[in-house]
2 protein chains.
Amino acid sequence: MVNDPFKALSHPIRRGIVERLAEGPATVGEVTGGFGVSKPAISKHLKVLEETGVVKRVVEGRTHRLSLEPDVLSVAADWMDRQRALWGRLFDVVDEYLKEEGSP
Amino acid sequence: MVNDPFKALSHPIRRGIVERLAEGPATVGEVTGGFGVSKPAISKHLKVLEETGVVKRVVEGRTHRLSLEPDVLSVAADWMDRQRALWGRLFDVVDEYLKEEGSP
DNA sequence: CGGATCGTTAACCATCGGGTTAACCGTAGC
DNA sequence: GCTACGGTTAACCCGATGGTTAACGATCCG
């Protein structure tokens, strides 16, 4: 069970799926094409994305319609905001450090 | 050799190291405490962060002073900006989709 | 010099991740 | 009913990851 967004997005194919889904909902079959891997491989990636809550799946007959989950997306976005705030602090701290070290 | 920032940050200990370093430069020993793993383990994580370019190492005598690399941080920040832009689009697209589906 | 300290490297081990193929399940359509 | 189709599950393989302990290298200090 994966619930770490960074880990969920650490694989290029999963990021690719998210980007694909960003252009609109799609079925598993539609998502599968273009990554050069088999269906079961995509199925596993989708499972990870679903467990993390990034992707929502609606079964319509025998096809599965995939879309991105807004609520969890906002959580992920918040997380990224916190990270960016951290990076920002890093800039300041490192900058200050370099100033101290660079011209003593 | 790792150069994927997401992959580099996909491990909680490595994120912990980055957060620790966000509070100011530190030596390997200072970073090591608090994660409950051995020095070699930390050494490996540091190697990954260094290869990715997130962390810079300056050898001062027998101690190594670690700090965060501003240039690469900006690259990572840009990457996150792009991701956030993507998330933003996702919101719009999904929202639109839900509107179409929700009230036909 | 000799010992303590900071940190890495080496060798090894267990687990995880991501891929495959083959078989299966449920639904659609004839 | 039977076949075709969309997709998952099962069993398996292999390389990567993350951890350990033990040994080593280099530097400081008495």
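A, B, ... follow the sequence lines: proteins, then strands. Residue 1 opens every chain.
Look at A/S43 and you won't find any side-chain N or O under 4.0 angstrom from OP1 or OP2 of D/dG7. At the phosphate of D/dG18, OP1 or OP2 sits under 4.0 Å from a side-chain N or O atom of B/R14.
For A/K39 against D/dG6, a side-chain-to-base donor-acceptor contact under 3.5 Å is absent.
As rounded to whole Å, 18 Å separates atom P of C/dG7 from atom NZ of B/K44. With rounding to whole Å, A/H11 atom NE2 is found 11 Å from D/dT17 atom P. Rounded to whole Å, the distance from CZ on A/R65 to C1' on D/dT8 is 18 Å. As rounded to whole Å, 14 Å separates atom P of D/dA16 from atom CD of B/E51. One can place CG of B/L46 at 15 Å from C1' of D/dG19, the figure rounded to the nearest angstrom. The distance from atom CG of B/L9 to atom P of D/dG18 is 12 Å, rounded to the nearest whole Å. Note: CG (B/L49) to P (D/dG18) measures 11 Å, nearest angstrom. One atom, CZ of A/R62, and another, P of C/dG29, lie 6 Å apart when rounded to the nearest Å.
Looking at heavy atoms from C-beta onward, B/V28 lies in side-chain contact with B/R57 at the 4.5 angstrom threshold. Side-chain contact between B/V54 and B/V48 is absent, with no heavy atoms from C-beta onward closer than 4.5 Å.
The listed nucleotides are C/dT20, D/dG7, C/dA10; the one nearest the side chain of B/P40 is C/dA10. Of the candidate nucleotides D/dG7, C/dG19, D/dT20, C/dG19 has the atom nearest to the side chain of A/H45.
B/T32 comes within contact range of no nucleotide atom at all, as no heavy-atom separation falls under 4.0 Å. Nucleic acid contact for B/K47: none, since no nucleic acid atom lies under 4.0 Å from a heavy atom of the residue.
In this structure, the side chain of A/R20 does not engage the main chain of A/V31 through any donor-acceptor pair within 3.5 Å. A/R15 contributes a side-chain N or O that, together with a main-chain N or O of A/L9, makes up a donor-acceptor pair within less than 3.5 Å.
Between A/R57 and B/S38, the residue anchored nearer the 5' end of DNA chain D, judged by the nucleotide with its closest heavy atom, is A/R57. Heavy-atom nearest nucleotides on DNA chain C were determined for B/I42 and for A/G61, and the one closer to the 5' end corresponds to B/I42.
In plain terms, the two heavy atoms of B/A8 and B/L49 that are nearest each other are O-CD2, 4.3 Å.
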